[in-house]
Each structure stands twice: as C-alpha cells, then as structure tokens.
Amino acid sequence: MDGLRISTDKNELDIPFIHSFLSKQTPWAKHIPLEVLRKAIDHSLCFGVYLDQRQVAFCRVITDSATFANLVDVFVTPEYRGKGISKVLMNAVLSDPQLQGLRRFTLATSNAHGLYEEYGFKALRYPDTYMERYFPDIYTSDAPSA
C-alpha cells in the first residue's frame, strides 16, 4: 500500500487516537484510563502504522528483549481492514531486532487465529502449565480491587 509506514518511535504515536480506539472499540481494554495506557506504552515496544501521516494501526510488545515477548493491543481501524496492513505489521514485529532469538512469544486472540498461525503462532503447547490472574472489569467503576 503506497504511503504506508511503520515506526517504533513512541514520539510519533497518536496517543489520543490509540486511547480512543482501545477504550471504546475493544473488549480487552474497554474504559482503560489514559494514564494507564501511557504507562503501558512507556514500558513496551510499540509499533505505529501510518498512512499519509495518519495513524491507522497499532500494537505493542511487552518483552525483556532476551527470552520472552507478549504481543498485545493489536488493532487496525475498521476502514483499513482487509488491505493487508495486519500482515505488514506482523512482518515488522517479527523482524524487529529486539525480538530476535526469543524462547517464547505469546499472544491472546479471540478472532484472528488464522492471521497469527501464518506467522508460526499455535495454541499453547502445554496449556495446563499456564495460570493467570485476570480482572476483566478492572477499568470500570464497579470492578473489585485487584
């Protein structure tokens, strides 16, 4: 796609755009406070996708840059879906120098298994070894404290 550019420069991120999309249009970050998102971005490797200077997609990777990474907050705005942007984004993520030689790279998805399988992601090999503390309503006022 002509004019498409990917950057890991956090100074280029359109934080209000990212916050609006995540907090209003995703089930996993619904109502996320801006200050929580800013902190998450500060502590992650972030990928912004831009088309003619407008941000159209985003993801971040939580990583130690040595052994482990977790891909999160992946989105492409609805008007740009189906144009190959997610594949360009995944190629950028998986070729990033900070994400080479990792022992484990994880993600969670409810609807994009086919995309991620194209890049070697599979269901957990040993799902019985994974545990989690999960607070799905943490960003709502009626959520119990964690």
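No experiment lies behind these values; they were computed from the predicted model shown. In this chain, numbering begins with 1 at the start of the sequence shown.
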Handout entry: Any donor-acceptor N or O pair under 3.5 Å, side chains Asp64, Thr67
Key = yes
Problem - Pair listing, ring pair (Phe, Tyr, Trp, His ring centres under 6.0 Å) test, anchored in residues 79-119, at least two apart - result: Phe105-Phe121
Fill in the blank from the handout: Rounding to 0.5 Å, atoms CD1 (Ile62) and OG (Ser44) come to a distance of 5.0 Å
Practice task
Just jot down the salt bridge (Lys or Arg N to Asp or Glu O under 4.0 Å) partners of Asp73, sequence neighbours excluded, or say none.
Solution key: Arg60
Problem - Side chain Lys30, main chain Lys24, donor-acceptor under 3.5 Å - result: yes
Practice task
Find out if a path of hydrophobic residues (ILVMFWY) with successive side-chain heavy-atom gaps under 4.5 Å connects Leu94 to Val74.
Solution key: yes
Practice task
Search all heavy atoms of Ala57 against all heavy atoms of Gln55 and return the closest pair with its distance.
Solution key: O-NE2, 3.2 Å
Problem - Distance-minimising heavy-atom pair for Leu115 and Met90 - result: CD2-CG, 4.4 Å
Practice task
Give a yes or no on whether the backbone of Asp42 and the side-chain of Lys10 come within a donor-acceptor separation of less than 3.5 Å.
Solution key: yes
Problem - Test side chain to side chain contact (heavy atoms under 4.5 Å, CB included) applied to Ser7 and Tyr50, step by step - result: CA-CA 8 Å; Ser7 175; Tyr50 307 89; 4.0 Å; yes
Exercise for the section: May I have all residue pairs that pass ring pair (Phe, Tyr, Trp, His ring centres under 6.0 Å) and include part of residues 4-38, sequence neighbours excluded? Expected result: Phe17-Phe75, Phe21-Phe75
Problem - From CA spacing to verdict: side chain to side chain contact (heavy atoms under 4.5 Å, CB included), Val76, Val49 - result: CA-CA 9 Å; Val76 176; Val49 182; over 6 Å; no
Exercise for the section: Verify side chain to side chain contact (heavy atoms under 4.5 Å, CB included) between Leu107 and Thr109, making sure each step is shown before the conclusion. Expected result: CA-CA 7 Å; Leu107 62 84; Thr109 184; 4.0 Å; yes
Problem - side chain to side chain contact (heavy atoms under 4.5 Å, CB included) evaluation trace for Phe47 with Leu13 - result: CA-CA 8 Å; Phe47 294 79; Leu13 294 173; over 6 Å; no
Practice task
Answer yes or no: does atom CD of Glu79 have more than 12 heavy-atom neighbours from other residues, nucleotides or ligands under 6.0 Å?
Solution key: yes
Practice task
Please report the closest heavy-atom contact between Val93 and Leu99, naming both atoms and the distance.
Solution key: O-CD1, 3.3 Å
Exercise for the section: Calculate, to the nearest 0.5 Å, the distance between atoms CG and SG belonging to Asp9 and Cys46 respectively. Expected result: 10.5 Å
Practice task
Give the cluster check for Val72 versus Ile138: same hydrophobic cluster or not, with ILVMFWY residues linked at side-chain heavy-atom distances below 4.5 Å.
Solution key: no
Practice task
Check the surroundings of atom CG in Asp128: do more than 12 heavy atoms from other residues, nucleotides or ligands lie under 6.0 Å from it?
Solution key: yes
Exercise for the section: Evaluate whether atom NZ of Lys87 has more than 12 neighbouring non-hydrogen atoms of other residues, nucleotides or ligands under 6.0 angstrom away. Expected result: no
Practice task
With sequence neighbours left out, write down each residue that passes salt bridge (Lys or Arg N to Asp or Glu O under 4.0 Å) with Glu117, or none if nothing qualifies.
Solution key: none
Problem - salt bridge (Lys or Arg N to Asp or Glu O under 4.0 Å) partners for Glu132, two or more places apart - result: none
Fill in the blank from the handout: Here the gap from Asn91 atom CG to Asp96 atom CG, rounded to the nearest 0.5 Å, amounts to 12.5 Å
Handout entry: Atom pair CD1/CG of Ile15 and Leu34 - distance to nearest 0.5 Å
Key = 8.0 Å
Problem - Between OG on residue Ser23 and CG on residue Leu37, distance to nearest 0.5 Å - result: 8.5 Å
Fill in the blank from the handout: When rounded to the nearest 0.5 Å, the distance separating CG of Leu51 from NZ of Lys83 is 9.5 Å
Handout entry: Distance-minimising heavy-atom pair for Tyr130 and Thr106
Key = OH-CG2, 4.2 Å
Fill in the blank from the handout: Smallest heavy-atom separation, Ala69 atom then Val61 atom, equals CB-CG1, 3.6 Å
Problem - Partners meeting side chain to side chain contact (heavy atoms under 4.5 Å, CB included) with His43 (sequence neighbours left out) - result: Lys39
Handout entry: Pair Arg54 + Glu12, salt bridge at N-O below 4.0 Å
Key = no
Exercise for the section: Taking the side chain as every heavy atom from C-beta outward, state whether Leu89 and Cys59 have any atom pair closer than 4.5 Å. Expected result: yes
Handout entry: Pro16 backbone acceptor or donor facing Ser20 side chain under 3.5 Å
Key = no
Exercise for the section: Mind listing the closest non-hydrogen atom pair of Tyr139 and Pro33 along with its distance? Expected result: CD2-CD, 3.5 Å
